[in-house]
Amino acid sequence: MGEYLGTYAYFLGCITPNRYPGIEAATKKIFKEFGVETKEMEGAACCPAPGAFGSLDLHTWLPIAARNIAIAEEMDLEIYVTCNGCYGSLQEADHLMKEHPKVKEEANRILGKIGREYKGTSKINHSIVLFHDLIGLDRIKERVKIPMDGVNVAEHYGCHFLKPSEVRGQGSSETPHQIKDLVEAVGAKAVDYKDMLMCCGAGGGVRSYDAYTSLDWTRQKIVNAMNVGADCMVHPCAFCHLQLDRGQSEIAKALGVTNMLPIIFFSQFIGLAMGFNEKEVGLDIQKTKIPDKIRDKFNSG
Amino acid sequence: MGTLMEDVIDWGGEIFGREHMETIKACVQCGKCTGVCPSGRITALRTRKIFQMVQQDMREEIYNSPELWFCSTCYTCYERCPKGVKTTDLIRVIRNVASKDGYMHLQHKMVSLYVIKTGHTVPVNLDVAHMREELSKNVYPIDAIAPTVQRIPGIADKAGYPELADKPEQMEQLRTIFKETGHAKFVGFNWDKMDLDVSDEEMEAAGLKKKA
Ligand code: SF4
Ligand code: SF4
């Protein structure tokens, strides 16, 4: 166990706990390994989705997001998330209420009816930023037991973690580095591929509106990564994961192919390098499996 | 009813500030947004055209164009517009205004339906509860049902964890918000039936099963 680095409220959202709980359990576990404690946010709701729900009614999206943030404020803790959608909604709502006093006032008029208040005191953190900046690459390097050398990683950043960059403040949305830094810290190689920054294809309600179009979009992304010899794709978003993992299995079935690109959430990837096997980081329960190259490392070690 | 542009600026202005929405007036129709759009490669979405249609007050046409709903909100065009048009936020607001005027697809109403009923777009189910049970042994302790809203009456009992039953007052808080903003009415949610006011035929026509 590392030195204590702090306690955070984990905003779970929907996809993480209700479709990919392996992401939830592994993130808590690896955070704990590095001295970051997690507290649950009782009664938190859907973020709600910035693209899908935000496309329907932003005037309802905002107070629901404000209520979610208020729960963490009552706990006197900063928030972390494991989904770009959750990050997009909470971070954007927080930003808008801080920028525009009237927006905050209206949200609080509504929250007043349910006995809550948004104050603006809980920072919204993406978990990948806490790994990158709070834990830091040096501490991560120290804990590597099974170096991921020889493993080619296709980075997938997703959209709402980086963009709009003027609101997110995560640096350049054209040359992001967070995933690359983390996978290289554990010995893997980040490989560039065509349209690396392209969206997974599920957001904005596109997946619910037209699954075929959405999956065709995803197929392009996966093929582009496979074409440069990627062994897996590493990303920071539970919502993208649903599309890239389960969506990919739907694509494979429809096309009659068996070869799938392994999709791995970043904290689970770091967990593997720390010597936890696929079952110990919850990767055994998803559609795509870990790359043979990684499985061989465990078998020979 | 004013022009579509006025409606967009009014509705979106209350969330993003009016200046943010007024950037639509600065669109010079250069087409860069269309050029960088990943959706436009595989769908009929022409981002530039969306803003032109607003500028020309083509309300009916835009409400009836399926392309409006093919934007994944990836913000690529937002980052690259040379005139600072807040493209993606404008698209979300144009969709809001269309929805408010009754042009909301059933698939999207379903997104709302789940949140109004369960507190989640994607709620827990029994398979997931069992999966979480396994993860708790193999990875790290987590509850079989996460302590979020999860208003699915009876599921905690069925999963074998009656102590993890949801707290209905949390769902009540959300429903108060839905009533307060008028959202439930907006999507045609019927509180007596606790369901959307749509027929099974409409559901079928949209390729959906009635299941919520
Ligand atoms: S890139 Fe900007 S200015 Fe050019 S057409 Fe698109 S929105 Fe208009
Ligand atoms: S935000 Fe929408 S319109 Fe803009 S590039 Fe992405 S998919 Fe296209």
Side-chain angles (χ1 to χ4, degrees), chain A residues 12 14-15 17-19 21-22 24-26 28-29 32 40-46 48-60 62-64 67 96 99-100 103 110 113-114 159 163-165 173 195 198-199 201-206 208-210 213 216-217 279-282 285, chain B residues 11-12 14-17 38-39 42-43 69-76 78-79 88 91-93 95-96 99-100 104-105 107-108 110-112 115 119-125 128 131-132 134-136 138-140 142 146-149 167 170 172-174 176-178 180-181 183 186-187:
Chain A
L12 290 169
C14 300
I15 308 286
N18 298 337
R19 289 299 176 271
E24 174 185 344
K28 283 180 172 176
K29 171 182 179 140
K32 174 101 179 164
E40 303 285 351
M41 289 174 61
E42 192 137 328
C46 176
F53 198 96
S55 287
L56 307 180
D57 182 3
L58 287 157
H59 288 232
T60 301
L62 193 102
I64 295 180
R67 176 184 172 276
L96 290 169
E99 284 285 293
H100 308 289
V103 174
I110 295 170
K113 312 239 170 211
I114 58 170
C159 302
K163 299 172 278 185
S165 53
S173 66
D195 297 328
M198 186 169 83
C199 165
V206 174
S208 47
Y209 183 55
D210 183 347
T213 296
D216 190 35
W217 185 325
K279 200 170 170 183
E280 290 166 331
V281 292
I285 53 170
Chain B
W11 182 262
E14 285 175 29
I15 299 288
F16 298 105
S39 180
I42 54 171
T43 72
W69 297 91
F70 276 122
C71 162
S72 75
T73 71
C74 78
Y75 282 93
T76 306
Y78 184 107
E79 296 285 299
T88 316
I91 291 172
R92 288 197 292 164
V93 171
R95 288 170 166 184
N96 273 217
S99 298
K100 199 158 58 80
M104 195 193 287
H105 294 279
Q107 292 94 318
H108 297 131
M110 297 294 285
V111 172
S112 281
V115 185
H120 292 276
T121 306
V122 179
V124 70
N125 58 40
V128 172
M131 197 192 275
R132 294 177 60 92
E134 281 301 298
L135 289 163
S136 211
N138 301 334
V139 184
Y140 193 79
I142 55 172
T148 52
V149 182
K167 300 193 174 60
Q170 302 287 3
E172 272 319 304
Q173 291 185 8
L174 283 183
T176 302
I177 296 177
F178 283 121
E180 195 59 36
T181 64
H183 182 78
F186 194 114
V187 295

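All values below were derived from every heavy atom in this structure, side-chain atoms included, with hydrogens, water molecules and symmetry-related copies excluded. Chain letters run A, B, ... following the sequence lines, proteins first and then strands; every chain starts at 1.
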Tell me the closest heavy-atom pair linking [X] and [Y], and the distance in Å.
X	Y	value
B:Arg95	A:Gly51	NH1-O, 4.5 Å
A:Thr60	B:His183	OG1-CB, 3.2 Å
A:Ala44	B:Thr148	O-CB, 3.1 Å
B:Leu135	A:Ala25	CB-CB, 4.3 Å
B:Val122	A:Cys14	O-CB, 3.6 Å
A:Ser208	B:His108	OG-CD2, 3.9 Å

Quick check: does any side chain N or O of A:Arg19 sit under 3.5 Å from a backbone N or O of B:Pro123, one acting as donor and the other as acceptor? yes
Okay, side chain of B:Arg92, backbone of A:Pro50: is any donor-acceptor separation there less than 3.5 Å? yes
Among [options], who wins on heavy-atom pairs under 4.5 Å with chain B?
options	answer
A:Gly54, A:Cys159, A:Pro164	A:Pro164
A:Asp210, A:Leu62, A:Ile15, A:Asp216	A:Asp210
A:Ser55, A:Gly203, A:Cys199	A:Ser55
A:Glu40, A:Met41, A:Met198, A:His100	A:His100
A:Pro63, A:Gly201, A:Gly282, A:Ser165	A:Ser165
A:Arg67, A:Lys279, A:Glu42, A:Lys113	A:Arg67

Close side-chain approach of [X] and [Y], heavy atoms under 4.5 Å:
X	Y	result
B:Phe16	A:Leu58	yes
A:Lys29	B:Ile142	no
B:Tyr78	A:Lys163	no
B:Phe178	A:Ile64	yes

Should A:Val281 and B:Tyr140 be marked as a side chain to side chain contact (heavy atoms under 4.5 Å, CB included) after you check the CA-CA gap, both sets of side-chain angles, and the distance that decides it? CA-CA 9 Å; A:Val281 292; B:Tyr140 193 79; over 6 Å; no
Chain A contacts, top residue of B:Ser136, B:Ser99, B:Ala146, B:Pro38 (heavy-atom pairs, under 4.5 Å): B:Pro38
Of the listed residues (B:Thr181, B:Leu174, B:Asn96), which shares the most heavy-atom pairs with chain A below a 4.5 Å separation? B:Asn96
For [X], which atoms come within 4.5 Å of any heavy atom of chain A: side chain, backbone, both, or neither?
X	result
B:Ser39	both
B:Glu14	both
B:His120	both
B:Phe70	both
B:Ser112	both
B:Thr73	both

Using ring centroids (six-membered ring only for Trp), state whether A:His59 and B:Phe186 fall under 6.0 Å. no
Give me the ring orientation class for A:Tyr209 and B:Trp69: parallel if the planes are under 30° apart, tilted from 30 to 60°, perpendicular past 60°. tilted
Proximity breakdown for A:Pro48 and chain B, heavy-atom pairs closer than 4.5 Å: neither
Determine whether the side chains of A:Ser173 and B:Glu79 contain a donor N or O and an acceptor N or O closer than 3.5 Å. yes
